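One structure is given below, encoded as structure tokens.
Below, each value reflects all heavy atoms present in this structure, side chains not excepted, and no hydrogens, waters or symmetry copies. For clarity, every value in this text was computed on a predicted model and none was experimentally measured. Each chain gets a letter, A, B and so on, in the order its sequence line appears, and its residues count up from 1.
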Amino acid sequence: MHFNLRYSMNIQTLLETKVKEGFIILFETTIPSVEFQATRKDFEGDITIVIFPMLRYKKGNPVQIGGSIGKYLVENIEEVVSYNVVKGFLNLVIDDRFYLQSFYTTFNQESYGLCSDSKNVVMVEYSSPNTNKPLHLGHVRNNLLGYSVAEILKASGNKVYKTQIINDRGIHICKSMLAWKKYGNSETPESKGMKGDSFVGFYYVKFNDIYKKEINNLISDGLSEEEAKKQAPILIEAQKMLLKWEAGDPETVALWKMMNEWVYDGFKITYQNLGVNFDTLYYESDTYLLGKDVIEDGLTREVFFKKDDGSVWCDLTDEGLDEKLVLRSDGTAVYMTQDIGTAIQRVKDHSDINGMVYTVGNEQDYHFKVLFLILKKLGFSWAAQLYHLSYGMVDLPSGKMKSREGTVVDADELMQEMTDTAKNISQELGKLDGYSDDEKIDLYRMIGLGALKYFILKVDPKKRILFDPKSSVDFQGNTGPFIQYTYARIQSILRKASFKYDEPVDIAGVSLHTKEKELIKQIELYPDIIQQAAKNFSPALIANYTYDLVKEFNSFYQNVSILGETDETKKTIRVQLASKVAEIIKSAFSLLGIDVPNRM
RNA sequence: GGCCUCGUGGCGCAACUGAAUAGCGCACUGGAUUUCGGCUCCAGCGGUUAUAGGUUUGAAUCCUAUCGGGGUCACCA
């Protein structure tokens with residue numbers, strides 16, 4: 001128990017100060033920093049100090065220098081038991097009791113790994129769908145990423161507002177509206193027994209079918225393809241409808257409201273199934289006129305300039321980019337104008353915000369680069385804290401998803417398929433005696449969605465994903481269900497552990513099994529992983545960490561007996577380790593938006 | 001074509017942002033349970049990190065060129 005004072009300081013900080021101190025004493029040289037690594041499995045040791053960078057300050061043989069430092073550390077730090085040097089790497093063996101003791105400093109800590117500060121306030125935007133069709137696989141990735149990053153930011157010490165901007169107006173909605181008006185026969189989602197968003201999406205497809213036919217007719221009448229696309233009567237009609245909407249025509253607005261409500265009813269169900277949510281909503285119909293006054297203001301401050309035809313531009317050539325249009329010659333807004341206005345509006349609505357995250361696919365990289373630059377030029381203090389959470393596309397084996405060509409993977413159907421697969425597997429292998437049918441249904445959903453979410457989130461957001469719905473998603477190896485299974489198995493052990501294990505044991509004289517020590521090391525990484533994941537906006541780091549933890553646990557589980565251990569102290573420690581691992585799995589998975597089962 | 005981005009065993013992913021013999025899963029081969037849930041564990045097979053140069057004590061990682069994939073270059077959103 002005599003290490004107590006030092007546990008507040010972690011071993012790495014302690015080592016760093018001692019290495020620096022040793023360097024002065026041994027070589028009369030100061031070094032600015034010390035580089036650490038976890039010792040590779042094939043060498044003896046727990047923590048490794050890399051000697052190479054030190055050679056810049058003290059010329060010499062890295063093995064000799066490493067040896068001197070190692071000797072110094074063993075002599076001056078009780079926790080350092082021994083050392084060995086391989087090439088330029090100084091491997092240190094740390095006392096078992098240190099690991100046990102530091103395990104116990106966090107053992108009873110509530111919400112271990114999470115940081116409760118909220119000095120920084122961030123708004124995270126994700127999803128932001130158009131309201132003319134249901135959500136598809138691409139939206140699924142967006143939603144999972146956005147939700148998870150928001151949760152990670154919270155866990156790492158930020159206050160977070162989750163938001164989305166619903167693209168509820170524009171030509172795409174008018175297309176669905178027009179097709180319904182012409183061919184809908186006053187049908188409703190209810191009368192058809194359809195989900196509202198699918199119902200509206202059906203008419204969007206209908207519109208495109210007719211549009212395509214009209215184009216072909218015009219082409220055979222001798223028009224060029226380009227001309228035909230512009231002159232198709234149904235398109236012209238849709239454009240007229242948009243103008244009517246903009247003019248506030250009561251009938252058009254009423255139709256628009258009705259159809260949007262249908263879509264929202266559908267989205268609500270999809271979001272619920274997906275397990276995502278929002279703190280505040282923005283609608284494009286409210287924001288699409290924003291931003292124009294800012295452009296005027298920017299014009300007087302010479303952030304922008306006006307061309308002869310009256311259009312307004314921002315010159316970004318100094319930044320290596322082009323000139324960018326911010327206001328049309330007729331004075332109307334473009335996408336960029338809206339985005340500028342909306343960003344400003346958000347800060348007005350939530351005055352504590354000092355940063356924003358936009359979850360949008362990487363095809364808009366350029367747009368956000370420009371948007372952020374313009375906001376910076378306009379002089380907003382929060383403009384430095386904007387982040388485009390850019391993610392790669394989700395491709396199918398057949399290639400790109402095209403909504404007009406019907407090759408999209410529908411979000412609702414996908415979730416249903418995953419749930420069905422989970423059901424088939426669980427019925428064969430599950431231990432569900434005594435579960436009611438409702439409980440079973442919940443469980444299948446939990447596993448199916450766990451598989452889907454983990455599959456998508458374990459990949460670095462920036463990378464594109466190839467998704468094969470046929471071969472579906474694995475349930476073995478580095479997968480959500482594998483991790484859920486480990487959790488359920490630990491719960492089974494904890495149910496059987498009919499003794500008290502919530503207090504630290506007396507660690508004097510206790511020595512650790514290698515597997516126990518490795519497990520503790522892995523457990524201790526969790527808080528830092530959360531910080532890294534937040535810094536990199538990457539749920540993938542959480543996912544892969546959790547998998548490593550689980551693998552380490554399973555290896556431990558296979559190598560030592562937990563409840564069968566006869567030494568009471570050891571048995572208690574092992575149950576404690578297991579319960580801590582379960583706690584972290586649950587915590588980490590909640591950051592990914594994945595639930596964990598007590599049995600499966 | 002200009003700009004951006006990616007290229008790691010058959011397939012799917014890692015590599016703490018420059019360090020040890022490039023890790024893991026699937027698949028394949030062979031093992032492990034009188035034991036706490038075998039959806040587990042252990043081992044084997046398999047890579048010149050697209051190619052060619054360069055910087056560095058050290059490169060999958062940084063620089064240059066080439067090849068290949070994707071994105072983007074609208075008074076669309």
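Distances shorter than 4.0 Å separate none of the side-chain N or O atoms of A/Arg495 from OP1 or OP2 on B/C36. Contact check, A/Tyr557 against B/G38: a side-chain N or O comes under 4.0 Å of OP1 or OP2. The phosphate of B/U21 (OP1 or OP2) has a side-chain N or O of A/Lys87 nearer than 4.0 angstrom. Close to B/A74, at under 4.0 Å from its OP1 or OP2, lies no side-chain N or O of A/Lys324. Put simply, A/Asn554 has a side-chain N or O that comes within less than 4.0 Å of OP1 or OP2 on B/C41. Within the 4.0 Å cut-off from OP1 or OP2 of B/A14, at least one side-chain nitrogen or oxygen of A/Lys463 is found. Taking 4.0 angstrom as the limit, A/Ser555 places a side-chain polar atom (N or O) nearer than this to OP1 or OP2 of B/C42.
Among the protein residues, A/Arg574 comes within range of no part of the nucleic acid, since none of its heavy atoms lies under 4.0 Å from any strand. As judged by a 4.0 angstrom heavy-atom cut-off over every strand, A/Lys551 is placed among residues touching the sugar-phosphate backbone only. As judged by a 4.0 angstrom heavy-atom cut-off over every strand, A/Ala497 is placed among residues making no nucleic acid contact. Using a 4.0 Å heavy-atom cutoff across all strands shown, A/Asp365 reaches no nucleic acid atom at all. Within 4.0 Å of A/Val360, counting heavy atoms only, lies no atom of the nucleic acid at all. Backbone-only engagement by A/Phe482 is indicated by non-hydrogen atom pairs under 4.0 Å involving sugar-phosphate atoms exclusively.
Both geometric conditions, a ring-centre gap below 5.5 Å and a plane tilt below 30°, are fulfilled for A/Phe43 over the base of B/A20. With its ring centre under 5.5 Å from that of the base six-membered ring and a plane angle below 30°, A/Phe89 counts as stacked on B/A20. Applying the 5.5 angstrom centroid cut-off and the 30 degree plane-angle cut-off, the aromatic ring of A/Phe52 is stacked upon the base of B/A19.
Whole-Å rounding puts the A/Gln558 CD to B/G37 P distance at 12 Å. The distance from atom NE2 of A/His388 to atom C1' of B/U5 is 13 Å, rounded to the nearest whole Å.
Syn is the classification of B/U17, since its glycosidic angle stays within 90° of 0.
For A/Thr48, whose side chain is taken as the heavy atoms from C-beta onward, the closest listed nucleotide among B/A14, B/A77, B/A20 is B/A20.
Around NZ of A/Lys229, the count of heavy atoms belonging to other residues, nucleotides or ligands within 6.0 Å does not exceed 12.
In the interface, the side chain of A/Ser492 is not paired with the base of B/C36 through any donor and acceptor atom under 3.5 Å apart.
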